[in-house]
Amino acid sequence: MEVLMYIGRDGTGRYRYLCSTSREAEGNGFHHDSVYLGVAVDEANLIFQNRKDGIFQLDLDTGEKKPLPNGYVAPKITDHRKKIRLSAIDFGDVFFVDQFIRGNHFDEVIKALGYGNYESLISVIIFYVVSYLPNVWADQWYEGSIIKLLYPNACMNSQRISDLLESVGKPDNVRAFHEKYIRYIYTHYSDDPGILIDSTGLPNAIRIALSQVNNHNGVIEREARFIMVGQITTGLPIYARCVPGNIVDKTTLATTMAIFRELGGKVNLVLADCGYMSAPNLDLFYNQETGELITDYVIRASNSDKRLKEAIQQYRETIGDDQNMFLYRDRVLYGIRTPCKVGESKGKDAYLYLFLDEQRRRDESDRLRHKLVSQEISQEEYLKQKKNVGFFALISGTMRNPEQVIPQYYLREDVEQIFDFSKGYAKLLPIGCRKTETFQGHLMISFIATAIIKMMQLQLKTTDNCLAGKLEALRVTKAEVFSSKIVLTEVNAEGNKILKAFGVSFPKEIPVNHGTLILKDSYLEEFITYKRMMEDEQAAEDRQRAKEEKAAEKKRKAEERAAKKKEKEEKQRQKEFDAAVNDEVKRRMSDEKIKAMYKKQSDK
């Protein structure tokens, strides 16, 4: 039966319907039907949008609603109900982050996500970096910021951001990004193969497979587990993956390392917390045929570990000896190294490092005492636990001094700081997605935003977590918008320090052409990348070392000249002394001869 399909409109002319007309089966008339399509986003290309189906492309021949073509940029529909600022807009923070991304060539890595409208993608990433607002307010932020003139084709309404996150969260796009990002880190920052691994819970109320009920440290909640891999040398996040919340950490290590290596990652040292301690995991670091260590590791033993209990029993009386004491930061520690066997077969050689922390012993003793007083534990349990307070152990495949392994293990705090940045600044929490792909896309954008923040922190050489305050110092620089250009307000002292650290300069004014900023390459001529900064520092260190060596050589030569002069003077004094002695000897010999002659004459 032949069906005629066409696009119809409602009485207001705003909404569209798919109308169909077909002949009745008996052939006595026609049957008319209509399906609601919604608002015409791009009627020429049959792009429509409604609340139920979102944005889609209609196939007029079949009536099928299809996803948008890859790379399609939907025309923007202005909501005239919203008030939009047209004069003074935010400039400094957004322009700086955009210049940072461009100057570091990080935009090429972002493009690996394969999203068609790059302007929307980069705008969302910058939004995650500089703004605390939820995604539903992204379009308001966009309208009041210079980002509108940097990327005029971005579409920042809530529905489009959800579509973007869904596209970015597809496995192929996530993999393509990580492959390029890992190569980027090794090329532009450091090729250090040492990694830190840790995970954190992402509480949520989403009904997807990744969100599961979990009991973590006695707290029961629905969550997903977010695993982060950081680089030891730089502290940068280098890879991340998400697993269901009811997956135990120790079961994820083998998969995480395998995927990371397949993506191009290098591993020769792993630092991890006790959640990853298990016999099968320790086997990963050894050659299974020869038992030889192939990947170094430092992992904390859990409090229930039999090896820890045996070491405490053996060394409780002697670990506090003076020769075992050392300082780490503001703590007094005592440490002993002892060999042990690890792996499922208990045949792999390793070392257990037992430590006693005096501050930790006092804190844990106070907590135990409070539990005893509040009758949470019995007196017998109190006395049993009190014997082991303050002790902890690390297990490693390499023999080191105890005072060397502690600083290496506590580098793991860098990963915890990455989580702090993600949750505090990069919108990792709270999570309001409804699809697995959208959820994964949100994690991906948050990961990228966190990486950008850590890169900036790394270059500023600060461990201060309040990087947002530094960006806020730049945000006070506004832009007065005119038809042909924007004129910038002054940059404050704190903002100038940040710009100087990166070699970024704000021009007095920037031309505008048809609603787009005309950026010049000269804005980035003096941009200082991390690699350039490290090369400049190395060159400065080399110059300082050469200067010191030259000064030392000059001093050495001066000392040699002084020594030679002293030696010469000493020889001259010795010569004069010898001459004087000879003269005295001659004089005395002459006197003796004269006396002998007088005596001889007198005898005659």
Is the [atom1] atom of [X] crowded by more than 12 outside heavy atoms at less than 6.0 Å?
| X | atom1 | answer |
| --- | --- | --- |
| Glu221 | CD | yes |
| Glu262 | CD | no |
| Arg329 | CZ | yes |
| Lys435 | NZ | no |
| Gln379 | CD | no |
| Arg261 | CZ | yes |

4.5 Å side-chain heavy-atom contact, [X] and [Y]:
| X | Y | value |
| --- | --- | --- |
| Phe226 | Phe419 | yes |
| Val476 | Leu474 | no |
| Thr255 | Arg241 | yes |
| Ile445 | Leu165 | yes |
| Pro237 | Tyr181 | yes |
| Val243 | Thr256 | no |
| Leu113 | Leu121 | yes |
| Leu293 | Lys348 | no |

Using ring centroids (six-membered ring only for Trp), state whether [Y] and [X] fall under 6.0 Å.
| X | Y | value |
| --- | --- | --- |
| Phe391 | Phe355 | no |
| Phe106 | Phe100 | no |
| Phe502 | Phe96 | yes |
| Tyr128 | His442 | yes |
| Tyr334 | Phe326 | no |
| His178 | Tyr184 | no |

Nearest atoms (heavy-atom pairs only) where [X] meets [Y]:
| X | Y | result |
| --- | --- | --- |
| Leu236 | Ala451 | CD2-O, 4.3 Å |
| Ile395 | Ala301 | CD1-CB, 4.3 Å |
| Phe177 | Ala112 | CA-CB, 4.0 Å |
| Lys250 | Asn281 | O-ND2, 2.8 Å |
| Gly495 | Ala473 | N-CB, 4.2 Å |
| Pro134 | Phe127 | O-CZ, 3.6 Å |

Q: Evaluate the side chain to side chain donor-acceptor pair (under 3.5 Å) criterion for residues Glu292 and Asn287: first the C-alpha distance (whole Å), next the side-chain angles of each, then the deciding distance (0.1 Å), finally the verdict.
A: CA-CA 5 Å; Glu292 180 184 359; Asn287 185 308; 5.5 Å; no

Without hydrogens or angle criteria, can the side chains of [X] and [Y] be said to hold a donor-acceptor pair below 3.5 Å?
| X | Y | value |
| --- | --- | --- |
| Ser158 | Asn135 | no |
| Tyr286 | Tyr297 | yes |
| Ser211 | Asn204 | yes |
| Arg400 | Ser396 | yes |
| Gln231 | Asp192 | no |
| Asp90 | Ser145 | no |
| Glu310 | Gln314 | no |
| Thr450 | Ser422 | yes |
| Gln212 | Arg225 | no |
| Glu376 | Ser374 | yes |
| Tyr115 | Asp163 | no |

Looking only at atom types and distance, does a side-chain atom of [X] sit under 3.5 Å from a main-chain N or O of [Y], one as donor and one as acceptor?
| X | Y | value |
| --- | --- | --- |
| Asp296 | Val270 | no |
| Asp283 | Glu344 | yes |
| Lys427 | Leu133 | yes |

Identify whether the distance between the nearest side-chain nitrogen and carboxylate oxygen of [X] and [Y] falls below 4.0 Å.
| X | Y | result |
| --- | --- | --- |
| Arg475 | Glu472 | yes |
| Arg369 | Asp366 | yes |
| Asp172 | Lys170 | no |

Q) Hey, mind stepping through Tyr409 and Arg300 against side-chain contact (heavy atoms from CB on, under 4.5 Å) and telling me if it holds? A) CA-CA 8 Å; Tyr409 170 73; Arg300 185 165 71 88; 3.4 Å; yes

Q: Report the C-alpha separation of Leu164 and Ser162 in whole Å, then their side-chain angles, then the decisive distance to 0.1 Å, and conclude whether the side-chain contact (heavy atoms from CB on, under 4.5 Å) test is met.
A: CA-CA 5 Å; Leu164 181 150; Ser162 295; over 6 Å; no

Q: Any chance you could lay out the ring pair (Phe, Tyr, Trp, His ring centres under 6.0 Å) test for Tyr410 and Tyr328, step after step, and finish with the verdict?
A: CA-CA 10 Å; Tyr410 277 108; Tyr328 176 67; 5.6 Å; yes

Q | Cation-pi check, Lys266 onto Tyr186 ring (under 6.0 Å, within 45° of axis) | A | yes

